[in-house]
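First the proteins, then the strands, lettered A, B, ... as listed; each starts at 1. Just so we're clear, the structure is a prediction, and the values are computed from it rather than from any experiment.
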Number of protein chains: 2
Amino acid sequence: MREARLKDVAALAGVSTATVSRVLHGNGYVSARARERVEAALRDSSYRLNAVAQELRRQKTITIGLILHGDLSNPFVGEIVIGAEQAAAEHGFTLLFLNAHGNPGQERECVETLLKRRIDGIIFTTAVHGKNVSLALDAGVRAVEIERRLCAAASAVVVDNHAAATEAMRHLVSLGHREIGFLGEPFPHDSDNDATDIPKERFRAYRDVLRECGQVVGNSHIVLGHYPRERGGWGGLEAGAAYMRRLLRQAPGLTAVFAVSDLVAAGAMQALYAEGIRVPEQLSIIGFDDTFARYLAPPLTTIRQPMFDMGYKAASLAISLIAEDAPGSSVEFCQARLVIRETTAPARAAGRSRPAHGAGRTPH
Amino acid sequence: MREARLKDVAALAGVSTATVSRVLHGNGYVSARARERVEAALRDSSYRLNAVAQELRRQKTITIGLILHGDLSNPFVGEIVIGAEQAAAEHGFTLLFLNAHGNPGQERECVETLLKRRIDGIIFTTAVHGKNVSLALDAGVRAVEIERRLCAAASAVVVDNHAAATEAMRHLVSLGHREIGFLGEPFPHDSDNDATDIPKERFRAYRDVLRECGQVVGNSHIVLGHYPRERGGWGGLEAGAAYMRRLLRQAPGLTAVFAVSDLVAAGAMQALYAEGIRVPEQLSIIGFDDTFARYLAPPLTTIRQPMFDMGYKAASLAISLIAEDAPGSSVEFCQARLVIRETTAPARAAGRSRPAHGAGRTPH
DNA sequence: CTGAAAGCGCTAACAG
DNA sequence: CTGTTAGCGCTTTCAG
């Protein structure tokens, strides 16, 4: 037995399909009597609207495509997806979702697939190649980029990394730290991927704040470098540990460290643990992203990226562009803010030259 | 200017739509000359197949719906999604994705939406209510459940938690540990959610292995309890810390701890860090899931759930069911395996009564 | 207020 | 080998 169609319901109710459609969507005039009969028929027939047919006829799909680039194991992007789904669901939209694996070619494929499916909007959870964004735009589909702006004609949701990193640095400075190290983003050897400028923004903030308080920005306090991409995980953990060890060697007076990401911070904390250096008693450390920061020991002070918000805003933006039927290229800003947890404490004169376990309580 | 249709291409090439369709899909007979002309026309016309029309005509969507229940910030489910996408993409399927927020009512809505869209399969990333699974099945849609089996008529992908937890415990035992504590799953006060039996499986393994080696399974070594669900995060972190402190008080001879999840383990490690107790020198600890375990200091030994695999297998299973056009309810098993990192070490006689920093190198 | 009818863009017999 | 044709299930004028 095939599924019930509008026609079947109509037959059952003794009316035309047009009438059934009208009661289904609550538009047009329908007499009370007809409505009743249709509703009864609807109940008896286990009818379920065929959205595919509807989409074909209406020439819109109420669907928006979401392209990401690999790591959903990174809670960062997971939150974005959830945020986008939320906004979509609130407007009756549905999310079609594809993985470009951070690869321009695959990204292009994804856009093509989406275009074939006639989705009405696309969200690029960090686009790989601007050309792919244009491809969507040219096909008359609204596009929103998250985090990185690759195509001026598209809309975007971004966060001000410089401002956020400035907040992080000011926090350290306000705690009395002056000898602050910087642990940068490791960029894999293999890719000539335009080393994204987000880490650069964060670094600029580091440098600017230091200058502001009259510190020299010494090379001994900064580690940036090439590292092979790690097998599991999303890269940066081992680099973080190696960077930290280097910093310990290079900058003996260090009292605090600003890591470009939670991941790098986690690596650094592993190195510190191995060395028996207590955080934050001997060294303060601050991360960026607020991904798994709460789970570290001690819980990591970091900058929280508004990931859910970014996804939510991106989808809302896409939907409003679709509704207005205007291509518009607006930019939404999201604010990242400092979350103070337990890895930052006031600087003390001696830095890490005090004995290990300065503040560690002993086991009972 | 509207988008090019098959008809336009046909006109341009001077053939019928049937011929164009044939070259497009490489089936049926087409003369070389006709093929050439069609290909030329295709190139000139920026034609893009309308998948919606195709779906309507063919009565299948090559789409599978993925329902999850909230936390994509949990890397656990993120990996599952990626795995599912991978398998789907390999077979030309596409993923429609909805969030049921762990709520039976919303889950039902999700199923309805999916059914309306005429998806050909559904994956429940841990279903909430068996009735919703049946709903899909009754509509003739293939359904696959991940992790929890709620509907006997559906297919499923599960992991043997008892076996995996046994491996974890055996690891501890082989290291010479006998005084092993158990940190259980905190169940929120508010929900009368059938405390899922997965934690129970893990606990059974704990008990069984201990008995195997002739240990009494003492209450002093076990902490299970009700805890209010935490605001951020997915619950269990603070419980882990509290449980750990309790265990320290109750079981002075403790040399190792088995935590029911990485999250609980992370909480425990925070408590230990605060107490100045070194891991693994004074106390070994093992987790479960392998979510952010690598990022902890020291990197947490844990049981790796094959999350990607689970997603991959679920989608593959759904796709094969769709292909066979058979409802079949088979179950696929995934193997979780031990990942030894740095939180487990041989038991020493004294347990944690030795001085802090047994193996901590001092800073240079 | 209601029904008939013309498609949305594509596919797949079927008949040349 | 190729074209004609009849829909897939729904929406929406347009006449009544």
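Every stem involving DNA chain D, taken as at least 3 paired positions in a row under the Watson-Crick or G-U wobble test at 3.5 Å, is listed here: C:1-16 with D:1-16.
Within the 3.5 Å criterion, the main-chain N or O of A:Tyr312 finds no donor-acceptor partner in the side chain of A:Gln86. In terms of modelled atom types and a separation under 3.5 Å, the side chain of A:Ser330 and the main chain of A:Ser155 share no donor-acceptor contact. Looking only at distances, a side-chain donor or acceptor of A:Thr61 sits under 3.5 Å from a matching main-chain atom of A:Arg118. Remark: side-chain polar atoms of B:Ser45 are paired, donor with acceptor, to backbone N or O of B:Ala41 under 3.5 angstrom. Of the possible donor and acceptor atoms, none in the side chain of B:Glu145 sits under 3.5 Å from a partner among the backbone N and O of B:Ala127. No side-chain donor-acceptor contact under 3.5 Å links B:Glu85 to the backbone of B:Leu95.
Screening residues 91-115 of chain A for side-chain hydrogen bond (donor to acceptor under 3.5 Å, both in side chains), with sequence neighbours left out, gives A:Glu107-A:Asn132, A:Glu112-B:Arg48. For residues 7-30 of chain B, the set of pairs meeting the salt bridge (Lys or Arg N to Asp or Glu O under 4.0 Å) definition, not counting sequence neighbours, comprises B:Arg5-B:Asp8.
For residues 28-36 of chain B, proximity to DNA chain D is found at B:Tyr29, B:Val30, B:Ser31, B:Ala34, defined as any non-hydrogen atom under 4.0 angstrom from a strand atom.
Remark: B:Arg37 pairs with no residue by the salt bridge (charged side-chain N to carboxylate O under 4.0 Å, His left out) rule, at least two apart or across chains.
None of B:Leu114, B:Ile64, B:Val133, B:Leu137 except one satisfies the side chain to side chain contact (heavy atoms under 4.5 Å, CB included) rule with B:Ile122; the exception is B:Leu114.
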Where protein sits on nucleotides 7-16 of chain D, one letter per nucleotide: B base, S sugar-phosphate only, - none, heavy atoms under 4.0 Å: BBBBBB----
